[in-house]
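Presented below is the structure to which this report refers.
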Amino acid sequence: MDYSFLQHYWWFLVSLLGALLVFLLFVQGGQSFLFSLGKDKLTQKMMVNSTGRKWEFTFTTLVTFGGAIFASFPLFYSTSFSGAYWVWMLILFCFIIQAVSYEYQSKHGNVWGKKTYQVLLFINGVLAPILLGAAVSTFFTGSNFSVNKMAMFDITGGSQIVSQWQPYNGVLLMGLEAVLNVWNVVLGLAVFFLARVSALLYFINNIDYNDLYAAAKRRLVANTLAFLVFFLAYVAFLLTTDGFAVNPENKQVYMESYKYLHNFLAMPTVLAAFLVGVVLVLAGIGLTLFRPNFKRGIWLHGTGVVLTVLALLLVAGWNHTSWYPSTYDLQSSLTIENASSSEFTLRTMSYVSILIPFVLAYIFYAWRALDIRKITKQEMEQGDHTY
């Protein structure tokens with residue numbers, strides 16, 4: 001395993017975590033339906049308990065994703081998490097209010113009332129997917145920062161600021177300028193409606209209640225159409241826009257026409273994963289809509305989501321591409337080469353990563369144990385261990 005292999009390997013692992021996180025955002029998508037799909041207290045309780053048994057998977061994956069980024073590509077962590085401060089703080093705030101809401105909404109002595117915490121869950125369900133989607137879109141559209149790695153070696157007492165966020169039109173927005181780029185918002189909305197589609201499929205699979213099943217199927221069409229509009233628009237933009245390429249000889253970053261299309265064509269395995277993923281996403285939806293009593297669409301759909309997002313993230317970072325480009329200074333753009341940890345660090349972590357299949361097996365076991373019985377009306381009315 002040479003240094004280049006390790007850098008590509010860790011970008012793959014980070015991308016896989018990101019893809020799993022997007023799938024697990026069905027929890028957020030379900031929360032966004034609390035006041036539209038769940039119009040009575042029983043239905044709301046069933047929905048909250050369905051997503052409530054999975055919210056920790058989403059939160060843990062988000063934290064693991066951040067930890068993996070920090071360990072393998074620390075320059076990105078220090079640049080983005082300190083520079084795009086407000087975006088990441090808003091995302092973290094969304095997940096904090098989610099955790100508090102699930103744990104306290106049914107506690108004795110809740111002076112705020114259950115409705116207050118459900119409103120917070122709704123806020124998390126809307127904002128978290130949009131903000132995460134907009135943040136990931138900057139991997140393709142760029143961010144407003146500069147990097148001076150030589151500052152780390154300055155022992156003269158001068159400035160030791162390695163990365164610095166720059167003002168946007170004279171105003172220091174600390175990452176909030178991401179939402180001023182229409183394509184970042186488009187991907188954010190695509191992720192939001194994808195999360196809602198995933199949630200509807202999960203409710204259909206996880207909740208045994210005919211009224212909710214019928215209501216979820218009715219809403220599946222409109223949310224699928226909304227997702228496709230934003231997703232296809234973003235894919236069209238991605239395949240036709242100029243991308244941030246890296247010269248393999250001198251490591252200089254330059255703009256290349258149709259860069260991300262070229263990446264797909266140069267990596268046929270990634271292209272195949274993307275196409276298979278899209279087909280599986282649509283197959284899960286289509287079978288649920290058109291095959292009577294088919295309730296396992298979430299698994300086809302979820303596999304497709306992971307493959308599609310994984311392929312998009314690999315296109316962002318592999319094949320001599322800057323995956324965190326700077327629109328302020330092209331040569332400050334981050335790549336898997338100039339932003340990674342040392343070879344020793346990546347190699348040591350790679351040995352530890354051998355344990356990943358065992359962790360995934362445990363997650364599968366825990367998930368299956370939670371879902372072995374469907375949520376029913378009787379359980380909600382009689383159960384003591386409910387949200």
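Here the structure is a predicted model, which means the values were calculated and not measured. Positions are given from 1 along the sequence. Every heavy atom of this structure was used, including side-chain atoms; hydrogens, water molecules and symmetry mates were not.
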Should we say atom [atom1] of [X] is surrounded by more than 12 heavy atoms from elsewhere, each under 6.0 Å from it?
X	atom1	value
Phe81	CZ	yes
Phe70	CZ	no
Tyr104	OH	no
Lys251	NZ	yes

What's the spacing between [X] [atom1] and [Y] [atom2] if we round to 0.5 Å?
X	Y	atom1	atom2	result
Met380	Leu42	CE	CG	8.5 Å
Leu187	Asn184	CG	CG	7.5 Å
Ile123	Gln28	CD1	CD	13.0 Å
Asp329	Asn144	CG	CG	10.5 Å
Leu121	Thr116	CG	OG1	11.0 Å

Inset, instruction - May I ask you to decide if the ring planes of Trp299 and Phe23 are parallel, tilted or perpendicular, using 30° and 60° as cut-offs? - result: tilted
Inset, instruction - Could you check whether the rings of Tyr258 and His262 sit parallel, tilted or perpendicular, using 30° and 60° as the cut-offs? - result: tilted
Legend entry - Exercise: identify the closest heavy-atom pair between Val191 and Gly133: CG2-CA, 3.9 Å
Sub-4.5 Å side-chain heavy-atom contact between [X] and [Y]:
X	Y	value
Leu201	Ser198	no
Gln7	Thr335	no
Met267	Asn263	yes

Ring centres of [X] and [Y] under 6.0 Å apart?
X	Y	answer
Tyr234	Phe237	yes
Phe227	Phe193	no
Phe140	Trp323	no
Phe145	Tyr328	no

Which side-chain N or O atoms in residues 86-96 pair as donor and acceptor under 3.5 Å with protein atoms at least two apart or in another chain?
from	atom 1	to	atom 2	distance (Å)
Trp88	NE1	Ser80	OG	2.9

Legend entry - side-chain contact (heavy atoms from CB on, under 4.5 Å) assessment of Thr321 paired with Val315: CA-CA 8 Å; Thr321 310; Val315 161; over 6 Å; no
Under 3.5 Å, which donor-acceptor pairs do the side chains of residues 205-216 form with other protein atoms, sequence neighbours left out?
from	atom 1	to	atom 2	distance (Å)
Asn205	ND2	Lys295	O	3.0
Asn206	OD1	Ser50	OG	2.7
Asn206	ND2	Asp371	OD1	3.2

Inset, instruction - Starting from the C-alpha separation in whole Å, work towards a yes-or-no answer on side-chain contact (heavy atoms from CB on, under 4.5 Å) for Thr308 and Phe231. - result: CA-CA 11 Å; Thr308 302; Phe231 175 71; 4.0 Å; yes
Inset, instruction - Show your reasoning for whether side-chain contact (heavy atoms from CB on, under 4.5 Å) applies to Trp165 and Thr79. - result: CA-CA 8 Å; Trp165 217 256; Thr79 300; 4.3 Å; yes
Inset, instruction - Let me see the working for Phe73 and Trp10 under ring-ring contact (aromatic ring centres under 6.0 Å, His included), right down to the final yes or no. - result: CA-CA 9 Å; Phe73 301 101; Trp10 274 98; 8.3 Å; no
